[in-house]
Amino acid sequence: MSGEARNLERRLLELPYRNLKVRLRSRERALAASIEEHGQQFPIVVVPSARPGFFVVVDGHQRLGALSRLNRDLVLAQVLEMTPADALM
C-alpha cells in the first residue's frame with residue numbers, strides 16, 4: 001500500500017462507505033480494548049475528499065468505531081493519493 005501514514009483528526013473524516021460492511025459491535029468492543037491496551041497498531045485507509053482538508057475513509061471503519069468508543073480525536077491513517085472509486089477497486 002502506498003501513501004504516507006499520519007495522524008488525522010477524526011472530525012476530518014467522511015464516512016460515505018460505512019454501511020458497505022456489517023458492523024459487529026462485539027468486534028468493535030474487542031478492538032477498543034486492544035487499542036486501549038496496545039494503541040492503534042494498523043492505520044485506517046483514506047483518500048482525499050472533494051472537500052479540501054477532509055478525507056474519505058475506504059477501509060478501517062471498525063477500527064474507527066473503536067477509536068470513537070475510546071473518545072480518541074486522532075486516528076492513524078494511511079493516505080492514498082487516488083479517487084475513492086479507485087481505492088475501493
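Worth saying up front: this structure is predicted, and the values here are computed from it rather than measured.
A continuous path of hydrophobic side-chain contacts links L15 to V46 [ILVMFWY only; heavy atoms under 4.5 Å].
Atom CG of L8 sits about 11.5 Å away from atom CZ of F54, to the nearest 0.5 Å. The structure places CZ of R25 at 13.5 Å from CG of L31, a figure rounded to the nearest 0.5 Å.
In this structure, R18 and V57 have side chains that are not in contact, with every pair of non-hydrogen atoms separated by 4.5 Å or more. I44 places none of its side-chain heavy atoms less than 4.5 Å from the side chain of Q78.
Every side chain to side chain donor-acceptor pair (under 3.5 Å) that S49 has, sequence neighbours left out, goes to E14.
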Would you sort out whether V47 and E81 count as a side chain to side chain contact (heavy atoms under 4.5 Å, CB included), showing the intermediate values?
CA-CA 6 Å; V47 296; E81 296 297 330; over 6 Å; no
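Of all heavy-atom pairs spanning R63 and F42, the tightest one is NH1-O, 3.5 Å.
In the hydrophobic clustering, L76 connects to no other residue, as no ILVMFWY side-chain heavy atoms lie under 4.5 Å from its own.
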All N/O donor-acceptor pairs, side-chain side in residues 64-72, below 3.5 Å, sequence neighbours left out:
from	atom 1	to	atom 2	distance (Å)
S68	OG	R10	NH1	3.1
S68	OG	L64	O	3.0
R69	NE	E28	OE2	3.2

